[in-house]
Structure formats: C-alpha cells, structure tokens
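Shown next, in structure tokens, is the structure this report addresses.
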Amino acid sequence: MLDQKLIRENPTSVEESLSLRGKVFNISQIQELTLQKKEIDIEISTLQSESKKLSKLIGQEISKSKNYDSPEVNNLKKKGNEYRTKISEFEERKRTLDQNIHNEICNLPNLPSKDAPIGKNESHNVQVKTWGDPFVTENLKSHWEIGESLNLFDSVKSTKISKSRFITLTGDGARLERALINFMLDMHTKNGYLELMPPALVNSESLRGSGQLPKFSNESFKCSDDDLWLSPTAEVPLTAFHRNELIDPKLLPIKYVAYSPCFRREAGSYGRDTKGLIRLHQFNKVELYWFCEPSKSLEAHKKITSDAESILKKLNLPYRLVDICTGDLGFSSSRTFDLEVWLPSSKCYREISSCSNCLDFQARRSSIRSKIDKKNTYLHTLNGSGLAIGRTMAAILENGQQTDGSVKIPDALVPYFGSNFFKNCLI
RNA sequence: GGAGAGGUGGCUGAGUGGUCGAAAGCGAACGACUCGAAAUCGUUUAAUAGGUAACUAUUCGUGGGUUCGAAUCCCACCCUCUCCGCCA
C-alpha cells in the first residue's frame with residue numbers, strides 16, 4: 001500500500017513512477033478523493049470539538065444543580081442533539097469516501113525502484129551475470145523423460161487423484177524432494193535464518209497484507225466454507241506472522257526460512273509447461289524472508305539474493321541473475337532479482353527464485369513497525385525463494401544426466417539423499 | 001459440536017455513564033549515585049490522522065445502536081481461554 005500523503009502531495013511523480021509498469025494509473029482521481037476527505041475530516045473534528053465541550057458543560061451543570069431535567073440542561077441537550085445529527089451526516093459521507101479511497105489505493109502496486117531497469121515486459125529484463133557452464137549437447141532428455149524412465153514421479157495417475165498440474169512423487173523422486181527441502185533448510189539455518197513452519201491455509205487479511213488480495217483473488221484456491229485460502233507462497237504467512245506488531249528494533253533484522261507447500265491456480269497459463277515439474281498447482285518451496293529497518297534494505301536485498309544463489313552454487317547448477325524490469329515487476333515489489341537455472345533440454349534459463357525488496361509496501365498493509373530513532377516506522381520486507389524445490393529437481397535431473405541414462409546427484413546432496421544414484425524402482 | 005469465561009497501552013492488569021486516553025506494575029529512555037556496572041532513587045514514556053507549531057480529532061476486539069456524553073449500557077459478529085464431546 002502506498003502512503004496516502006505521498007499520493008496527495010506528489011500525484012504526478014507517483015503517476016509517472018507507476019506508469020513505468022506499463023499501465024496507466026489514475027492517481028489524480030485518488031488525490032481528489034483524499035483532498036475531499038481531508039476537508040470533511042476538518043469539518044467533523046471542529047464539530048466534534050464543540051460538541052465535546054458542550055457535553056462537559058452539561059456534566060458540570062448537572063453536578064452543580066443536581067438536577068437532570070432543568071430547563072437549562074434540556075436546552076443544552078437540544079443543542080447537543082443538533083451537533084449529533086450534523087456530525088453523523090458528515091460521517092456518512094466520510095465513510096463512503098474512505099471506502100473508495102481504500103479500494104483504489106489497495107489496487108495500486110508498489111512504486112518501482114529507480115534502480116530497476118525500465119522496460120515493458122520480460123524481454124526487457126537485464127541479465128546481470130551468469131554462473132557455471134550452461135552446456136549444450138544434442139539428444140538431451142527433458143526432466144520429465146528422465147523422471148519417467150527412472151520412475152521418479154507420475155503425472156498421469158495424479159490426474160485421477162486431483163486433476164492436471166498435480167504430481168505424485170514416487171520412490172527416489174519423493175526421497176529427492178525431501179532431501180532437497182532438508183538440505184536447503186539446513187544451509188539457511190546455518191547461515192543465520194530462523195526456521196518457521198507456518199500454516200498452509202491463510203485468511204483473507206493475510207493475503208491482503210502481502211498484496212495478493214484484492215487484485216489477484218483468481219490466482220489462489222479458496223475454501224468455500226471458511227475465510228481461508230491455500231497459501232500461494234510462504235511469503236503470505238511470514239508477513240502475517242508479525243501483522244499489527246511493533247517489533248523491538250533490537251531483534252532486527254529478522255531472518256526467517258520456511259518450507260511450505262504452495263498452491264496456485266495458474267489461471268491463464270493453459271498449454272504452457274504442461275509437462276513435468278515446472279508449473280504445478282501444488283509445489284514445495286523453501287522461502288527466505290527478512291524484516292529490516294528501511295536504511296538497510298538495499299544491502300539486505302543483495303544478501304537475500306546471494307543466500308539463494310549459494311544453494312545453486314552448492315548444487316553446482318548453472319544459473320544467471322536477472323534484474324527484473326519495471327514492466328515485469330510483481331505487484332508488491334519495488335525491485336526484483338530473479339535467479340534462473342539452466343535447463344539444457346530446452347536450452348534456456350528458467351526462473352527458480354525471485355528475490356524482491358518490497359520496501360514498506362507490505363509492512364504498511366500489514367502494519368508492521370519498529371521504533372527507530374524514536375519514531376514508529378514501517379519496516380522493509382524482503383522475500384526470496386531459496387529455492388523452489390520442484391524446479392530444482394528438474395534442474396538436477398537435466399543437468400546431471402549421463403549418456404548411460406543415469407543421473408549424477410550433486411555431491412552436496414548425497415548425505416541428504418543417502419546415495420549418489422537413483423535406484424530404478426518398479427511401480 | 002455443547003457449556004462457561006474473557007478480549008483495555010510495548011507487555012501484565014485495574015477501571016461498570018460525566019476532565020478516563022485510561023490507575024498500578026513490568027519494560028524502555030534519560031538523569032543522579034558509581035572508576036564502571038548491578039542495585040537504588042528521580043523524571044519521562046500509547047498509537048493514528050491533520051497542522052511548521054500551539055493544538056484538534058479518533059482509537060479500550062470489529063461493526064452497529066441508545067445518550068448531550070460510552071472502555072463502561074444494548075444488539076450482531078470475530079477471536080482467545082477453560083471444561084465436556086470428537087479426533088491425527
């Protein structure tokens with residue numbers, strides 16, 4: 001959520017900044033509403049002030065004369081009644097204004113950082129660096145072909161259980177998934193993160209707090225009988241963990257790592273990535289999340305990104321770092337670095353982690369503050385996948401494939417997986 | 001699911017119609033004492049919105065209502081706790 005004061009005082013610069021996202025936002029309309037509200041606010045508070053004084057006077061009058069019904073008192077009460085009707089009229093108008101303003105502002109995305117590259121869509125994202133050797137050989141198998149031949153997962157049977165875009169991991173596939181989760185959690189907790197295992201179902205307020213609602217309700221699964229949704233990312237419960245809190249500044253920065261299943265409807269992606277582990281309605285993810293004071297968030301953004309990178313390096317997976325352009329930024333983010341892993345079968349890099357600095361956007365929506373320099377200040381929040389498990393498995397299968405059809409398990413993972421090769425199991 | 005209790009500041013907790021934005025304690029900040037610290041003593045310390053400021057308004061779970069006036073009375077909802085039932 002953007003600061004109302006900022007919108008009121010700098011509508012043009014807000015409008016210009018938001019337009020870098022490639023859409024037109026009508027800020028002046030919101031500004032007009034907030035100005036109207038301000039006028040009414042002043043009107044109401046003067047009336048309330050007078051009515052309050054009157055009430056006190058009545059109280060004094062009554063205690064002096066010990067008479068609740070004297071003509072003087074009744075006269076004053078009549079006057080008080082007039083105030084009340086007047087005030088409630090104004091309040092009615094204020095309420096509708098407030099609602100409109102709130103709706104409008106909640107639908108505005110975060111302002112893109114001045115450092116983010118300007119562009120319209122993902123083709124304008126900027127590659128910052130690459131790591132490792134993105135090898136290209138002919139006759140490479142896709143990860144779903146490898147998975148099928150080694151019996152690591154079964155998507156056909158999964159449609160019986162649920163529907164398409166769900167997967168059942170089997171045998172060594174399930175074991176590898178588990179190994180990856182444990183490996184990542186261990187790496188990050190050794191690196192100073194506190195592990196959390198949050199609920200997978202979250203309420204509407206939590207989704208609003210991190211920016212998924214009201215705009216993106218069609219991207220999450222909703223429970224029909226309750227005000228609960230299947231969490232699309234651990235970012236949601238982690239933000240909500242501290243909602244409406246004043247955090248002791250001594251605890252900052254707070255660094256959480258959380259494993260969670262993630263559920264996404266993937267509406268509008270029909271026909272894309274229909275095979276394999278890349279795009280599923282349910283997937284596992286290890287998420288990194290920071291709360292820090294505003295002056296430290298740029299530095300924190302670099303750190304959270306390099307913490308996510310360290311996993312790719314340990315697993316020896318070639319990747320590149322991409323600076324997301326203004327037109328491709330997520331709703332809550334002001335700046336995002338994506339980590340994209342090399343998938344040799346499709347000869348391209350695919351997103352495996354997205355590390356975002358949301359500044360105070362989510363903290364304002366969720367009211368998460370700290371007393372910094374004697375002032376209550378909204379904290380900055382940062383999130384980054386560290387990493388998406390299914391896509392990591394896809395990358396391991398494709399990058400580790402050998403000419404004899406076997407797959408080399410990265411050395412760092414062997415202690416977690418318990419072996420350096422897959423046993424081909426029969427189902 | 002049934003019965004009961006309760007939601008008050010950073011935290012604990014008093015307050016049942018009239019200077020109550022709210023006692024007290026804890027915590028925190030500053031000062032004194034000290035070589036320094038602990039202990040002790042003193043002072044200060046809720047948030048939000050508007051305003052350069054003085055100040056004004058709002059906020060005692062949320063939303064309505066009664067009243068000149070509500071933390072306090074009425075209604076609805078949400079949440080938490082205890083007991084019982086069910087259950088991994």
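Keep in mind that this is a model prediction, so the values were computed, not measured. Every chain is numbered from 1 and lettered A, B, ... according to where its sequence line falls, protein lines coming before strand lines.
- In this structure, A/S217 contributes its side chain and A/L213 its backbone to no donor-acceptor pair below 3.5 Å.
- Rounded to whole angstrom, the span from the CG atom of A/L251 across to the P atom of B/rA28 amounts to 13 Å.
- For the C1' atoms, the distance linking B/rU19 with B/rA70 amounts to 15 Å, nearest Å.
- At least one side-chain nitrogen or oxygen of A/K52 sits closer than 4.0 Å to the OP1 or OP2 atom of B/rU58.
- In this structure, A/K94 places its NZ atom 11 Å from P of B/rG50, rounding to the nearest Å.
- Using a 4.0 Å heavy-atom cutoff across all strands shown, A/K371 reaches sugar-phosphate atoms only and no base atom.
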CA sep, side-chain torsions, deciding dist, call: A/D227, A/S204, side chain to side chain donor-acceptor pair (under 3.5 Å)
CA-CA 6 Å; A/D227 177 31; A/S204 300; 2.3 Å; yes
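- Where A/Q4 and A/T46 meet RNA chain B, the nucleotide closest to each residue was compared, and A/Q4 sits on the side nearer the 5' end.
- When the C1' atom is used for both B/rG13 and B/rU48, the distance is 24 Å, rounded to whole Å.
- Spacing between atom CZ of A/F90 and atom P of B/rU58 amounts to 15 Å, rounded to whole angstrom units.
- The phosphate of B/rG50 (OP1 or OP2) has a side-chain N or O of A/R8 nearer than 4.0 angstrom.
- Whole-Å rounding puts the A/I42 CD1 to B/rA49 C1' distance at 11 Å.
- The side chain of A/R84 lies closest to B/rG69, out of B/rG51, B/rG69, B/rG64.
- Taking 4.0 angstrom as the limit, A/S49 places a side-chain polar atom (N or O) nearer than this to OP1 or OP2 of B/rA57.
- When distances are taken from the side chain of A/S45 to each of B/rU56, B/rC68, B/rG50, the shortest belongs to B/rU56.
- B/rG9 and B/rG63 have their P atoms separated by 15 Å, with the value rounded to a whole Å.
- Ring centers of A/H242 and A/Y256: under 6.0 Å apart, within the cut-off.
- Between the C1' atoms of B/rU67 and B/rG18, the separation comes to 12 Å (whole Å).
- One can place CD of A/Q36 at 17 Å from P of B/rG50, the figure rounded to the nearest angstrom.
- Set against B/rA47, B/rC68, B/rG64, the side chain of A/I58 has B/rC68 as its closest nucleotide.
- A/I44 comes within 4.0 angstrom of nothing in the nucleic acid, heavy atoms only.
- At least one donor-acceptor pair under 3.5 Å links the side chain of A/S45 to the backbone N or O of A/I42.
- Within the 4.0 angstrom heavy-atom criterion, no nucleotide atom of any strand lies near A/D248.
- Using modelled atom types, one side-chain atom of A/S353 and one backbone atom of A/S385 make a donor-acceptor pair closer than 3.5 Å.
- A centroid separation of less than 6.0 Å is found between the aromatic rings of A/F417 and A/F422.
- Comparing the same atom, C1', in B/rG21 and in B/rU56 gives a spacing of 14 Å after rounding to whole Å.
- Note: CG (A/D98) to P (B/rU58) measures 15 Å, nearest angstrom.
- Only the P atoms considered, B/rU80 is 23 Å distant from B/rC87, to the nearest whole Å.
- Between B/rC74 and B/rU16, the distance separating the two P atoms is 14 Å to the nearest Å.
- Here B/rC20 presents its P atom at 9 Å from NZ of A/K56, a figure rounded to the nearest Å.
- When all heavy atoms are compared, the tightest approach of A/Q282 to A/P261 is NE2-CB, 4.5 Å.
- Going from atom CG of A/D41 over to atom P of B/rG50 covers 9 Å, rounded to whole Å.
- The existence of a salt bridge linking A/D186 and A/K190 is excluded, since no basic side-chain nitrogen approaches an acidic carboxylate oxygen closer than 4.0 Å.
- No donor-acceptor distance shorter than 3.5 angstrom exists from the side chain of A/R391 to the backbone of A/I352, with no hydrogens or angles considered.
- Base-pairing analysis of RNA chain B finds the following stems of at least three consecutive Watson-Crick or G-U pairs, with both pairing distances under 3.5 Å: B:1-7 with B:78-84, B:10-12 with B:24-26, B:27-32 with B:40-45, B:46-50 with B:55-59, B:61-65 with B:73-77.
- Judged by closest nucleotide on RNA chain B, A/N376 is the one of A/N376 and A/K79 placed further toward the 5' end.
- Neither OP1 nor OP2 of B/rU19 sits under 4.0 Å from any side-chain N or O of A/K53.
- The separation of B/rA28 from B/rU12, taken at their C1' atoms, amounts to 15 Å, rounded to a whole angstrom.
- At the phosphate of B/rA47, neither OP1 nor OP2 sits under 4.0 Å from any side-chain N or O atom of A/R369.
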